[in-house]
Amino acid sequence: MEERIYEFIARVNLNVLPLFIFYVILRSRAVYQYMISRITARQAVVIIAAALLETGLTGYYNPLHEPLLISSTVIRNGILTGLLFGRGTGWLAGLIGGVLVMLQGTEPLAVELAVIVAATVGGYLAELYKKYHGNFWTDKLQSLLVALALYVGELTVVDVVTYINSSNVSFAGELQFSLWKISGFMALMFLAQRIIVERENLAGYDLLAGEMHVARQLQLDLVSHQLEISFPGVQVSGALHPAKEVGGDWYDCFALDEDHLCFVVADVSGKGVPAALFM
């Protein structure tokens, strides 16, 4: 019983660790700029190096000694970098990661070749999706299904080759491992989408806040300008403090003749932009 609990905790950690690493990476403003603009060759090298570093860290932290943990990480990173950044990052991250798996020499040659081919092709197909369908967070459901299809397809190929070439691998065990990896991958893709959407919303909010600040200053200048009058023996002053950035309140003061001043105070129903426009 204790062994099963330990295995469950370790497996959860194997899925949480890459989620945490990518969460920290994607929160960076610089990474967000890479995703929404065309990256340079130097930036592509940095992205590939980061993907390979995450692969190495995930492979190092392997308490269950899963034979295909690094392989599945290479496949995942190829798809993820291709979808996020494009421009050769996906297939190169998959190819180089697959070569590193081969250099370890822990798997049969057929399995290592399958990892290289699957990771490279998957990363390339992910780049094609980004190229022809735009940012993968625009159509969230479609992009998640595409990512899932790529990942499941590549894992299936590698799992079948592994099952054929490794006598100590059981079908049930491979299926269990794959389900854990797929669940972690989908959580990672969903998290990436949410972070990017959050970034876009914040950028839109900052733009709107700046425009509303300008509108507020314009409204205050217009209202206060009405008080610049000259009338003997009278000094007029006023102040406007909208409940929001802009509002529907208005006042004015002007001379009717040499002996009479007219004061006007108005309040449009409602608050904010609609009231301000009507005012």
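Model, not experiment: these values are computed from the prediction. Below, each value reflects all heavy atoms present in this structure, side chains not excepted, and no hydrogens, waters or symmetry copies. All residue numbers in this chain count up from 1 along the given sequence.
- When all heavy atoms are compared, the tightest approach of Trp91 to Tyr124 is CB-N, 3.8 Å.
- The backbone N or O of Gly78 sits less than 3.5 Å from a side-chain atom of Thr81, completing a donor-acceptor pair.
- Atom-to-atom distance recorded for Leu84:CG and Ile79:CD1 is 11.5 Å, nearest 0.5 angstrom.
- Note that OG1 of Thr89 is 9.5 Å distant from CG of Leu83, once rounded to the nearest 0.5 Å.
- Here the shortest heavy-atom pairing between Gly98 and Val115 reads CA-CG1, 4.3 Å.
- Taking 4.5 Å as the limit, every side-chain heavy atom of Leu256 sits out of range of all side-chain heavy atoms of Leu261.
- How far CZ of Arg76 is from CG of Leu150: 15.0 Å, rounded to the nearest 0.5 Å.
- Residues Phe263 and Val236 are in side-chain contact: their nearest non-hydrogen atoms beyond the backbone lie under 4.5 Å apart.
- Here the closest heavy-atom approach between residue Tyr129 and residue Gln142 is recorded as OH-NE2, 3.1 Å.
- Rounded to the nearest 0.5 angstrom, Gln217 CD and Glu245 CD are separated by 9.0 Å.
- Under the 4.5 Å side-chain contact rule for hydrophobic residues, Ile116 and Leu109 share a cluster.
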Would Tyr251 and Val264 count as a side-chain contact (heavy atoms from CB on, under 4.5 Å) if you check the C-alpha gap in whole Å, the side-chain angles of each, and the deciding distance to 0.1 Å?
CA-CA 5 Å; Tyr251 60 84; Val264 182; over 6 Å; no

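- By the criterion of side-chain heavy atoms lying less than 4.5 angstrom apart, applied directly or through intervening Ile, Leu, Val, Met, Phe, Trp or Tyr residues, Leu218 is not grouped with Met212; the two fall into different hydrophobic clusters.
- Listed here is the closest heavy atom pair of Val74 and Ala93: CG1-O, 4.3 Å.
- The minimum heavy-atom distance linking Leu113 with Met102 is given by the pair CD2-CE, 3.4 Å.
- Residues Tyr132 and Glu127 bring no donor and acceptor atom of their side chains to less than 3.5 Å of each other.
- Of all non-hydrogen atoms in Val158 and Ala118, the two that sit nearest each other are CG2-CB, 4.1 Å.
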